[in-house]
**Q** 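One structure follows; several queries about it will come next.
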Amino acid sequence: MTSVESLLGGEAFEAAPRLLGLRLVSDVDGERTAVTLVEVEAYGGADDPASHAHRGPTARNAAMYGPAGTLYVYRSYGIHWCANVVCRPAGTPSAVLLRGGVVVDGGDVVRRRRGRSDHLCDGPGRLAQALAITGDHNGTSVFDGPLRIEGAAAPGVVVATPRVGITRAVERPWRFIFVPEPVDNPRA
DNA sequence: ATAGCGATGTTCT
DNA sequence: GAACATCGCTATA
């Protein structure tokens, strides 16, 4: 078992914050890009009214029922792609929505894909476009596929807030933001 | 700086 | 027919 693999498991809201600070590496069309994950959201199964798996399996959410490490990619509002990582064993639906990152490799490629130089990865649709994640990657594994999660988290603080863009179970604080630990604070 | 709105695939009522 | 785990453009301030 890899070190990253051991970070998955447990309820989605427990696994989600563990992914913060890790690297999401993309090798698509022969181009390498990578980000450090800084914003994620947890989605559960039948017990989470905001989850795509709340009503049971469908053609769209099938990947959520795969083993931990499975990528669940869905189309949002008919336009954008959004990527999740499954964190529970096969048969138990779960998802950690990847909502934001900081580019650490392939910045030129990312800016070309995004068609701009700002707001490269802040938002699930933007993050997917930056790393060229599409429906083709639905069901692939983040341990051996074209999109991988690697490394160990850098030191930082995790802040929990309510999930955004949903209308049900809005009170659950299942959105997690990574605040890097300052290496040095000249003002303190 | 904030508000409104159009685009549009899949699911749900 | 309506809602939706969004985004980028446009208008108004």
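Note that the coordinates shown come from a computational prediction; the quantities given were computed from them, not determined experimentally. So that the names make sense, note that chain A is the first sequence line, chain B the second, and so on, each numbered from 1.
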**Q** Using the ring of Tyr43(A) (Phe, Tyr or Trp, six-membered ring only), decide whether Arg163(A) places NZ or CZ under 6.0 Å from its centre and within 45 degrees of its axis.
**A**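 Flagged: Arg163(A) positioned over aromatic ring of Tyr43(A).
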**Q** Nearest to the side chain of Ser51(A) - dT13(B), dA7(B), dA5(C)?
**A**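 Nearest listed nucleotide: dA5(C).
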**Q** Once you apply the 3.5 Å cut-off to both distances, tell me the Watson-Crick or G-U wobble partner of dA3(C), or none.
**A**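 Partner of dA3(C): dT10(B).
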**Q** Could you tell me how far apart Leu97(A) (CG) and dC4(C) (C1') are, to the nearest whole angstrom?
**A** 13 Å
**Q** Would you classify Arg126(A) as touching base, sugar-phosphate or nothing, given that sugar-phosphate means primed atoms plus P, OP1 and OP2, and contacts are heavy atoms under 4.0 Å?
**A** sugar-phosphate
**Q** Could you tell me the separation between the CZ atom of Arg60(A) and the P atom of dT11(B), rounded to a whole number of Å?
**A** 6 Å
**Q** At 4.0 Å (heavy atoms only), tell me whether Arg168(A) reaches a base, stays on the sugar-phosphate, or touches nothing.
**A**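 The answer is nothing, as Arg168(A) stays clear of every strand by at least 4.0 Å.
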**Q** Ignoring backbone atoms, test whether Thr167(A) places a side-chain nitrogen or oxygen under 4.0 Å from the OP1 or OP2 oxygen of dA3(C).
**A** no
**Q** Does dG8(C) have a Watson-Crick or wobble partner in any strand here, with both distances under 3.5 angstrom, and which is it?
**A** dC5(B)
**Q** Do the side-chain N or O atoms of Arg75(A) get closer than 4.0 angstrom to the phosphate oxygens (OP1, OP2) of dC4(C)?
**A**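 Negative; the distance criterion is not met.
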**Q** Looking only at the side chain of Tyr74(A) (C-beta and beyond, no hydrogens), which of the listed nucleotides dT6(C), dA5(C), dC9(C) gets closest?
**A**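 Closest of the options to the side chain of Tyr74(A): dA5(C).
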**Q** Rounded to the nearest angstrom, tell me the gap between atom CD in Glu39(A) and atom C1' in dA5(C).
**A** 11 Å
**Q** Side chain of Arg114(A): nearest nucleotide among dC12(B), dG8(C), dC7(C)?
**A** dG8(C)
**Q** May I ask you to check whether over 12 heavy atoms, not counting those of Asp47(A), lie within 6.0 Å of atom CG?
**A**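 Yes, CG of Asp47(A) has more than 12 neighbouring heavy atoms, counting only those of other groups under 6.0 Å.
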**Q** I need the CE-C1' distance between Met64(A) and dT11(B), as an integer number of Å.
**A**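 Going from CE in Met64(A) over to C1' in dT11(B) covers 14 Å.
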**Q** Between dT8(B) atom P and Trp81(A) atom CH2, what is the distance in whole Å?
**A**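 Atom-to-atom, Trp81(A) to dT8(B), this comes out as 14 Å.
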**Q** With side chains defined as the heavy atoms from C-beta onward, is the minimum distance between Arg112(A) and Asp108(A) less than 4.5 Å?
**A** no
**Q** Taking only the C1' atom of each, what is the distance from dT10(B) to dG8(C) in whole angstrom?
**A**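 Straight-line distance between the two C1' atoms is 22 Å.
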**Q** Closest-nucleotide mapping onto DNA chain B: is Tyr77(A) or Ala59(A) further toward the 5' terminus? I mean the 5' end.
**A** Tyr77(A)
**Q** Would Asp144(A) and Arg148(A) pass as an ion pair if we require N to O under 4.0 Å?
**A** no
**Q** In whole angstrom, give the distance that lies between atom CG of Leu127(A) and atom P of dT6(C).
**A** 13 Å
**Q** State which of dA5(C), dC9(C), dT13(B) makes the closest approach to the side chain of Arg116(A).
**A** dC9(C)
**Q** Would you kindly give the CH2-to-P distance between Trp174(A) and dA5(C), to the nearest whole Å?
**A**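 Value for this atom pair: 15 Å.
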**Q** What verdict does the salt bridge (Lys or Arg N to Asp or Glu O under 4.0 Å) test give for Glu150(A) and Arg23(A), after you've listed the backbone C-alpha separation in whole Å, the side-chain angles of each residue and the deciding distance to 0.1 Å?
**A** CA-CA 5 Å; Glu150(A) 301 175 348; Arg23(A) 275 182 174 232; over 6 Å; no
**Q** Using a heavy-atom cut-off of 4.0 Å across all strands, would you classify His52(A) as base, sugar-phosphate, or nothing?
**A** base
**Q** Without decimals, in angstroms, what is the distance between Asn138(A) CG and dT10(B) P?
**A** 12 Å
**Q** Distance from Asp27(A) atom CG to Leu147(A) atom CG, nearest 0.5 Å?
**A**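 Here the rounded value is 8.0 Å.
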**Q** Of the candidate nucleotides dT11(B), dC9(C), dC4(C), which contains the atom at the shortest distance from the side chain of Thr58(A)?
**A**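 Among the listed nucleotides, the one closest to the side chain of Thr58(A) is dT11(B).
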**Q** Write down the distance separating the P atoms in dA3(C) and dC5(B), rounded off to the nearest Å.
**A**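 Rounded to whole Å, the distance is 15 Å.
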